[in-house]
Every structure is written in structure tokens, then in C-alpha cells.
Protein chains: 2
Amino acid sequence: MDTIDSKIIAQLGQESGLTSEALGERVGLSPSAAHRRVKTLEQQGLILGYRARLSRAARGNPSTVFVSVTLTDQRQATMQQFEQALARTLQVSEAHLMSGESDYLLKVLVREDDSYERIHREVLSALPGVHRLVTQFTIRTLATED
Amino acid sequence: MDTIDSKIIAQLGQESGLTSEALGERVGLSPSAAHRRVKTLEQQGLILGYRARLSRAARGNPSTVFVSVTLTDQRQATMQQFEQALARTLQVSEAHLMSGESDYLLKVLVREDDSYERIHREVLSALPGVHRLVTQFTIRTLATED
DNA sequence: TTTCCTTGGGAACACCGATGCGCATCGAAA
DNA sequence: TTTCGATGCGCATCGGTGTTCCCAAGGAAA
């Protein structure tokens with residue numbers, strides 16, 4: 001894990017479609033050496049895989065909603081059940097255990113062919129151990145290169 | 001844009017490293033047809049590109065912080081300058097214009113070789129038009145398949 | 001200095017992406 | 001019903017690229 005590996009990771013984290021030759025050029029290596037580095041990074045588990053970047057349209061023109069969740073209590077079992085149920089919930093794209101007022105902060109993606117009203121009623125309220133849900137609506141999500 | 005295209009998008013959104021043959025199998029198409037579909041989706045702009053999924057370690061073992069931002073005012077120019085400055089801020093991985101109390105919600109990634117104290121002081125406070133920053137710390141981010 | 005080990009470069013091979021062709025299917029028009 | 005045109009599939013082919021050799025160069029240890 002040296003400077004070149006860092007460059008490779010930075011590059012592939014942004015755009016992975018390039019050939020070994022192109023990658024080698026950008027990091028100052030021959031195609032074969034660049035290729036070998038990438039394979040090593042994959043074996044080491046630093047590169048987990050590859051996926052397509054999809055347009056908003058391809059993702060169903062989602063709007064983003066943040067939901068602060070307070071559980072009925074903070075017992076280990078309660079939190080564990082809640083988290084396990086979350087993992088099976090497609091609409092929740094991120095979940096964070098939080099300090100402060102509420103217990104969890106969820107990032108929910110609402111596809112345009114769905115509605116938050118339905119998700120709130122049928123999905124989020126149905127999660128086990130939920131005491132209170134506070135919704136923050138986004139007006140617009142800024143484009144990020146991330 | 002039919003059922004097969006949806007399957008392809010769903011598949012490539014999760015894992016894009018497979019060959020046309022493997023992709024064709026999963027969506028019920030010959031390799032050449034699957035390949036042609038993918039190229040069309042790329043041309044249509046539904047598939048924007050490809051990137052590597054990086055491990056937490058490869059991303060610098062970041063911890064996540066949410067920051068609610070209130071601007072000095074909500075004039076067009078103020079918001080625009082703030083947003084432009086945001087775009088040049090690497091640590092801010094997401095930014096949402098919000099309804100409710102504060103104006104923006106930022107998701108900030110703090111690499112373990114950095115500190116939130118520094119980012120707060122040198123990066124976030126330095127953004128133009130900022131009136132108030134309220135930080136919510138995450139204790140733990142749940143693993144998501146997203 | 002010698003040896004070992006790591007890492008890069010070059011070349012050969014195999015595989016897969018890319019594309020042209022023929023054919024089947026479907027819908028529209030007469 | 002028949003015909004025409006368009007669309008999209010599968011097959012076959014070709015070339016580019018991934019993959020894997022081997023060898024050389026450089027650095028560390030003895």
C-alpha cells in the first residue's frame with residue numbers, strides 16, 4: 001500500500017472502466033504492472049467489486065427523506081431486531097446509530113412511482129421497536145461527484 | 001426500456017464485473033444481445049459509468065457526521081455561492097436543501113487521519129454565507145448493500 | 001560481494017467485447 | 001389476409017484486452 005496503490009484506488013473509485021494501459025499511464029506504470037496491482041488490491045479486499053453508476057432516471061427519480069427514529073428503549077435486543085429488520089428494507093439506503101436526541105437516522109429513497117405516505121405507513125412504522133419517527137423532507141439534493 | 005432493461009440495470013447497479021455471457025444468463029438473453037442492451041443503456045445515459053466499490057479501509061476508515069446548516073439569508077445569490085463552494089469540498093459527500101428548521105443537511109466523511117475539529121474550523125466554517133452549524137455525530141453506520 | 005526477494009516490463013496466449021449478417025416476430029397498412 | 005417495414009435476437013467472426021508467463025533490475029540482508 002504505497003502512493004501508486006493510493007492513486008489506483010482513487011482512480012478506480014471514480015472511474016473503473018478504463019483499460020490497464022490507460023490506468024498504467026495515469027499512475028506511471030506499465031499495463032501489466034498496473035493490472036497486477038489491481039488484482040492484488042482485489043485480493044486484499046480493498047476493492048470489493050465494481051458497479052455501474054446509474055442515472056437518476058434509472059434509479060426511479062427518487063426523492064430523499066431523512067427520518068430520525070427513537071426506539072421504545074435502548075436494550076440490546078431491541079436495537080438488534082430493529083437493525084435486522086432495516087437490512088431487509090430496500091427503501092432505506094443508509095442507517096446510522098446517532099448520538100443526541102434520536103437513536104437512528106435513516107436516509108430513505110422514495111421512487112417517483114412510490115409515495116412516502118405509503119412507506120411511512122407500511123414500512124417504517126412497521127419496523128420493530130419504533131417509538132417515534134421524525135421526518136425531514138429534502139427539497140433538492142445537490143449533485144455530488146460521490 | 002422494458003423488463004429486461006430493468007433487470008440489467010438492477011444487476012449492473014449491484015455488480016458490474018460480469019461478462020456478457022453471465023449477464024445474459026441472468027436476464028435470459030444471449031451474450032451478444034445482452035451486450036448490445038448494455039451499450040444502448042450507456043448511450044441513453046441511463047448508465048453513467050462504472051466505478052470500484054472500495055472497502056472502508058480503502059476509503060480511510062471514515063466516520064460520518066451530519067451537519068445542519070443555516071445560512072445568513074435565503075437569497076438566491078447566497079445559496080448559489082454556498083452551493084458552489086460545497087462542490088469543491090471533498091469531505092462533504094452529500095448535500096441536501098432541506099425543508100424545516102435549517103437550510104441544508106450535509107453528510108461529512110471524516111477520514112481517520114483527519115479530525116472533525118479541523119474540518120469544522122477550516123472547511124465548514126469557511127463556507128460562504130454560513131450562519132449556524134449544528135453537528136450530529138454518528139456512533140456507528142450500519143452496513144448497507146447500497 | 002553474494003544471495004534472496006520484490007516489483008516492473010515485455011511478450012505470448014486465451015478470452016471476451018464488438019460488430020455484421022440472417023432470421024424471426026410484431027404491428028401497421030392495404 | 002397479405003405484405004411491408006421495423007425491431008431485436010442469435011450466430012459467427014475479428015480484434016482488442018485481460019491474463020499469465022519469464023526475465024531483468026533494484027534493494028536488503030548476510
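The figures that follow rest on heavy atoms only: side chains count, while hydrogens, waters and symmetry mates do not. Computed from a predicted model, the values in this text were never measured in an experiment. A note on names: the letters A, B, ... follow the listed sequences, proteins ahead of strands, and every chain is numbered from 1.
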Rounded to the nearest 0.5 angstrom, the OG-NE2 distance for S102(A) and H131(A) is 13.0 Å
Between which nucleotides of DNA chain C, 5' to 3', does chain A make heavy-atom contacts below 4.0 Å?
-> dG8(C) to dG10(C)
Less than 4.5 Å apart, any side-chain heavy atom of L133(B) and any of S125(B)?
-> yes
Under the side chain to side chain contact (heavy atoms under 4.5 Å, CB included) criterion, do Q76(A) and Q80(A) qualify, and how do the steps go?
-> CA-CA 6 Å; Q76(A) 181 69 23; Q80(A) 200 168 324; 3.8 Å; yes
Could you pull out the closest heavy-atom pair between R51(A) and G13(B), with the gap in Å?
-> NE-O, 3.3 Å
Looking at E83(A) and R140(B), does any basic side-chain N land under 4.0 Å from a carboxylate oxygen?
-> yes
Neighbour count above 12 (heavy atom, 6.0 Å) for R132(B) CZ | no
Check DNA chain D against residues 5-25 of chain B and give the residues with a non-hydrogen atom under 4.0 Å, in numerical order.
-> none
Considering all heavy atoms, the nearest L105(A)-S68(A) contact = CD1-OG, 3.7 Å
The helix from dT1(C)-dA30(D) to dA30(C)-dT1(D): angle between its terminal axes, five pairs each, to 10°?
-> 30°
Is there any protein nitrogen or oxygen under 3.5 Å from a nitrogen or oxygen in nucleotides 23-29 of chain D, and what are the pairs?
none

Atom CD of E94(A) and atom OH of Y104(A): how far apart are they, to the nearest 0.5 Å?
-> 15.0 Å
Measure the OG1-CE distance between T138(B) and M98(A) for me, rounded to the nearest 0.5 Å.
-> 6.0 Å
Might you point out which heavy atoms bring E15(A) and R53(A) nearest each other, and give the distance in Å?
-> OE1-NH1, 4.5 Å
From CA spacing to verdict: side chain to side chain contact (heavy atoms under 4.5 Å, CB included), E112(A), R56(A) | CA-CA 11 Å; E112(A) 69 175 347; R56(A) 249 184 75 82; over 6 Å; no
For the residue pair P128(A) and A85(A), what are the closest heavy atoms and their distance?
-> CD-CB, 3.5 Å
Can you name the side-chain contact (heavy atoms from CB on, under 4.5 Å) partners of T78(A), sequence neighbours left out?
-> L71(A), T72(A), D73(A), R75(A)
Residues of residues 27-44 of chain A with any non-hydrogen atom less than 4.0 angstrom from an atom of DNA chain C: list those, numerically ordered, please.
-> L29(A), S30(A), S32(A), A33(A), R36(A), R37(A)
Would you please test H120(A) and V65(A) for side chain to side chain contact (heavy atoms under 4.5 Å, CB included) and show each step?
-> CA-CA 11 Å; H120(A) 184 281; V65(A) 178; over 6 Å; no
So F137(A) and V110(A), side chain to side chain contact (heavy atoms under 4.5 Å, CB included) or not? Walk me through it.
-> CA-CA 11 Å; F137(A) 286 98; V110(A) 184; over 6 Å; no
